[in-house]
Amino acid sequence: MSLKARIASELRDAMKARDGVRLATLRLLTASVKNREVELLHELSDDELREVALKEVKRRNEAMEAFEAAGRDELAAKERAEREILMPYIPEQLSDEQVDALVDEAIAATGATSLQEMGKVMGAVMGKAKGKADGAVIQAKVRARLGD
């Protein structure tokens, strides 16, 4: 079963169960997928669909941080619940150890020794970790390794 069909099936299940948060979240994901399909002029593959879901998770994370900073805990909790609903649709995330290994490998491969060569290292790491790790985390790890 394709990921798109799985989402449609879970959407129907949420409707039958009258699960409002899950229903609204899956509808938003479906709308984002349709918008991306219109942009690209073709039906999304499972990998492309995972990228759309990852963007939605990132949006929830950003909104959650903003609401927490503003003291709006009830809205932050809603964003957290939506993020948890979307998590099964994103690519499996790399562990810290795996990211560290990718960073070390990229530094060795590029021969980078200073922060001025950070772009080369970031390009190498992001090529291998696309969608599987947060770019900000990778950037912090690269900066820490090259800054020493």
Side-chain angles (χ1 to χ4, degrees), residues 1-107 109-110 115 118-147:
M1 173 187 287
S2 74
L3 196 53
K4 192 172 180 179
R6 188 174 123 207
I7 291 170
S9 171
E10 291 184 18
L11 185 75
R12 282 189 300 276
D13 293 344
M15 267 188 236
K16 289 176 185 175
R18 298 185 190 272
D19 185 348
V21 175
R22 183 172 201 77
L23 180 62
T25 304
L26 292 175
R27 279 184 172 158
L28 273 171
L29 178 59
T30 302
S32 294
V33 167
K34 289 219 184 288
N35 288 338
R36 187 70 178 147
E37 286 176 342
V38 167
E39 271 179 44
L40 297 176
L41 301 174
H42 67 79
E43 193 166 322
L44 297 184
S45 67
D46 282 355
D47 288 338
E48 291 170 324
L49 199 143
R50 284 187 181 92
E51 288 176 20
V52 172
L54 186 60
K55 285 182 184 179
E56 291 298 321
V57 168
K58 285 181 182 179
R59 284 187 186 135
R60 297 313 182 285
N61 287 336
E62 290 168 2
M64 200 170 53
E65 290 171 10
F67 287 137
E68 286 171 350
R72 302 292 307 265
D73 295 332
E74 70 284 351
L75 292 174
K78 178 183 177 279
E79 295 295 331
R80 191 173 295 111
E82 289 180 1
R83 182 188 66 187
E84 292 307 312
I85 292 168
L86 293 170
M87 292 303 280
Y89 305 111
I90 66 171
E92 186 175 327
Q93 300 296 291
L94 297 175
S95 68
D96 277 346
E97 295 80 26
Q98 291 171 314
V99 173
D100 289 338
L102 282 176
V103 169
D104 292 339
E105 181 183 313
I107 289 173
T110 59
L115 279 175
M118 186 172 165
K120 290 183 203 174
V121 177
M122 285 297 295
V125 174
M126 292 306 287
K128 292 181 181 177
K130 185 175 183 181
K132 296 180 181 177
D134 186 11
V137 171
I138 293 172
Q139 182 181 21
K141 289 180 181 287
V142 170
R143 191 175 295 279
R145 295 267 191 345
L146 294 178

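Remember, it's a predicted structure, so these values are computed and weren't measured experimentally.
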Using 0.5 Å steps for rounding, measure from the [atom1] atom of [X] to the [atom2] atom of [Y].
X    : Y    : atom1 : atom2 : result
K141 : L146 : NZ    : CG    : 13.5 Å
L94  : D134 : CG    : CG    : 11.5 Å
L3   : E48  : CG    : CD    : 12.0 Å
I107 : R145 : CD1   : CZ    : 6.0 Å
R60  : E65  : CZ    : CD    : 14.0 Å
L23  : R12  : CG    : CZ    : 12.5 Å

Measure across [X] and [Y] and return the closest heavy-atom pair with its distance rounded to 0.1 Å.
X    : Y    : value
M64  : A76  : CG-O, 3.6 Å
A53  : L29  : CA-CD1, 3.9 Å
P91  : K132 : CB-CG, 4.3 Å
M122 : G135 : CE-O, 4.0 Å

Original post:
For E74, does the CD atom have more than 12 heavy-atom neighbours from other residues, nucleotides or ligands under 6.0 Å away?
Top reply: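 Counting neighbours around CD of E74, more than 12 heavy atoms of other residues, nucleotides or ligands fall under 6.0 Å, so yes.
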Original post:
Has R50 got more than 12 heavy atoms of other residues, nucleotides or ligands less than 6.0 Å from its CZ?
Top reply: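 Yes - once you tally the heavy atoms of other residues, nucleotides and ligands closer than 6.0 Å, there are more than 12.
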**OP:** Show your working on side-chain contact (heavy atoms from CB on, under 4.5 Å) between Y89 and L26 and close with a plain yes or no.
**Re:** CA-CA 11 Å; Y89 305 111; L26 292 175; 3.7 Å; yes
Taking 4.0 angstrom as the limit, do [X] and [Y] come out as a salt bridge?
X    : Y    : result
R80  : E68  : yes
E51  : K55  : no
K4   : E37  : yes
R59  : E62  : no
K128 : E105 : yes

Taking [Y]'s backbone N and O only, do any of them form a donor-acceptor pair with [X]'s side chain (distance below 3.5 Å, no angle check)?
X   : Y   : answer
S9  : A5  : no
Q98 : S95 : yes
R18 : A14 : no

**OP:** Evaluate side-chain contact (heavy atoms from CB on, under 4.5 Å) for D13 paired with D19, printing each intermediate quantity in order.
**Re:** CA-CA 9 Å; D13 293 344; D19 185 348; over 6 Å; no
Original post:
If we only count heavy atoms from C-beta on, is the R36 to L40 side-chain gap below 4.5 Å?
Top reply: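 Side chain of R36 against side chain of L40, heavy atoms only: contact under 4.5 Å found.
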Original post:
Is there side-chain contact between L54 and Q93, with heavy atoms separated by less than 4.5 Å?
Top reply: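 Yes, their side chains come closer than 4.5 Å.
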**OP:** Evaluate salt bridge (charged side-chain N to carboxylate O under 4.0 Å, His left out) for E82 paired with K78, printing each intermediate quantity in order.
**Re:** CA-CA 6 Å; E82 289 180 1; K78 178 183 177 279; 2.9 Å; yes
